[in-house]
Amino acid sequence: EKGGYDHFMLKEIFEQPRSIADSMRGRVNSQEEILQLGGLRDYMDKLALAKRIIIVGCGTSWHAGLVAEYVFEELARIPVEVEYASEFRYRNPIIHADDFVIAISQSGETADTLAAIQLAKSKGATIFGVCNVVGSSIARETHAGAYTHAGPEIGVASTKAFTAQVTVLTQMAVAMAHKRGTITEELYRQLLLDLSAIPQKVEQVLKAADRIKEIAYIFTYARNFIYLGRGLNFPVALEGALKLKEISYIHAEGYPAAEMKHGPIALIDEDMPVVFIATKDSSYEKIVSNIQEVKARKGRVIAIVTEGDTLIPGMVDFVIEVPETHEVLIPLLSSIPLQLLSYYIAVMRGRNVDQPRNLAKSVTVE
Ligand code: M6R
């Protein structure tokens, strides 16, 4: 049932070319220039007119929400707030009837997320679910939704569900931007083409597995890790750190790279591994200087870079390449080497990767 893989997590990581394609199947058609999400059909006007979007979720699903915040704001120019469901539900949030609330949940059973949407619903907001498990409680409680179609995810650490969530949310943002006229027809066409090319590019990223395994071997006994990214790669840094914590029990922190000098830089010395997600995007030059700051303090740097980058490889200890794509789609590629890195480190430490201690696949208690 693990399809020849040692663990479900590894199988699910390697399934991503397929699961991402499934999350676009019947939705994105780049030849005919169509992007249609069935669940959104009756709500497209509402979404396009919404004054604001509120996204709620927990853990990895919250990280997918943070990625979506960037994409919705960048393409559709609509303000987005992303909230931990557990915080949202307990702080008497201001919710209006014209708010569009997106609840993200792999299991569709997370107690805090369910309670958050019940609260928003009672205030008259429209609730849209992005769930993986068909017929789950959250899927049933929402007004409409789009399933992620990643297929069953068994490993407690979410991998393919995350990339499927990001894929669905990105499709929503692109559809909305097109409807609102906030992107050009040319960009719309380009994004459809770039989305369609993602599965094959993920395939390419997965080819780096052996190299990532070698890097993991070197850092197996690290006690701490810092993950740094900017812009869309900031939530990727958070997600990379969460994956490592969950399954290897190594303490890891994700930070926006620019925040480093406001505190975490004090932690950097020759024993501190720092993972930079430093792809060629609008923050590239800024992150290059952040890398210099870490190297000047002898930090050991692993960098996720765009294929063909010739600058960063000369500055850091290890590089992992990902193919080029449109900036808003980068997290779909840059998150994958981090899944593999945490997987191999956890295996080398002898951890129970699929069922880490103290964790359950769905958190149905608050
Ligand atoms: O099923 P959900 O997406 O609602 O679950 C939310 C979190 O509990 C979940 O993402 C958790 O953080 C995972 N273990 C992450 O790998």
Side-chain angles (χ1 to χ4, degrees), residues 7-13 15-16 19 23 55-68 82-89 101-118 120 127-142 145-169 227 235-250 252-254 331 335-336 338-343 345-346 351-366:
H7 298 94
F8 283 108
M9 183 180 174
L10 190 63
K11 170 174 175 267
E12 288 158 3
I13 292 172
E15 262 171 26
Q16 289 175 108
S19 56
S23 68
I55 300 181
V56 293
C58 302
T60 289
S61 296
W62 181 74
H63 295 155
L66 289 179
V67 173
V82 189
E83 298 251 13
Y84 282 118
S86 55
E87 288 296 317
F88 180 81
R89 62 180 287 206
V101 176
I102 303 175
I104 309 174
S105 177
Q106 187 286 129
S107 63
E109 302 297 342
T110 300
D112 282 320
T113 310
L114 189 57
I117 63 179
Q118 282 160 343
I127 324 288
F128 192 90
V130 175
C131 297
N132 193 41
V133 177
V134 176
S136 54
S137 304
I138 293 172
R140 281 184 279 120
E141 194 68 35
T142 45
Y147 283 115
T148 44
H149 295 306
E153 191 180 65
I154 311 292
V156 164
S158 184
T159 53
K160 64 173 180 170
F162 171 75
T163 47
Q165 288 165 341
V166 172
T167 308
V168 167
L169 292 158
Y227 288 72
V236 173
L238 294 179
E239 175 59 8
L242 177 64
K243 284 295 84 98
L244 190 70
K245 279 183 268 209
E246 280 188 294
I247 59 168
S248 73
Y249 318 147
I250 295 175
E253 290 199 43
S335 57
I336 288 170
L338 307 186
Q339 299 170 347
L340 286 166
L341 184 67
S342 54
Y343 171 78
I345 290 180
R351 302 304 189 208
N352 185 346
V353 174
D354 284 334
Q355 278 179 305
R357 68 185 183 199
N358 309 340
L359 289 171
K361 184 61 185 163
S362 60
V363 183
T364 52
V365 291
E366 66 165 285

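In each ligand, atom 1 is the first atom listed, and ligand 1 is the first ligand listed. Any value given below was found using the heavy atoms of this structure, including those in side chains, with hydrogens, waters and symmetry copies removed.
- Separating the CZ atom in F128 from the CG atom in L169 is a distance of 9.0 Å, to the nearest 0.5 Å.
- Heavy-atom proximity to V156, at under 4.0 Å, picks out these atoms of ligand 1: 13 (C), 14 (N), 16 (O).
- If you number the atoms of ligand 1 from 1 as listed, the ones under 4.0 Å from a heavy atom of A157 come out as 16 (O).
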Donor-acceptor pairs under 3.5 Å, side chain of residues 357-365 to any protein atom, not counting sequence neighbours: which ones?
| from | atom 1 | to | atom 2 | distance (Å) |
| --- | --- | --- | --- | --- |
| K361 | NZ | E153 | OE1 | 2.6 |
| K361 | NZ | G155 | O | 2.8 |

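- Taking only nitrogen or oxygen atoms, main chain and side chain alike, S61 reaches within less than 3.5 Å of ligand 1.
- The shortest N/O to N/O separation between I104 and ligand 1 does not fall below 3.5 Å.
- When only interatomic distances are considered, the shortest N/O to N/O separation between S107 and ligand 1 falls below 3.5 Å.
- At least one heavy atom of C58 sits less than 4.0 Å from an atom of ligand 1.
- Taking CD of Q118 as the start and OG of S137 as the end, the distance is 9.0 Å to the nearest 0.5 Å.
- Rounding to the nearest 0.5 Å places CG of L242 at 5.5 Å from NE2 of H63.
- Look at T113 and you'll find every heavy atom at least 4.0 Å from all atoms of ligand 1.
- Assignment of K243 to the shell around ligand 1 is supported, since a heavy atom sits closer than 4.0 Å.
- Within a 6.0 Å radius of CD in E109, other residues, nucleotides and ligands contribute more than 12 heavy atoms.
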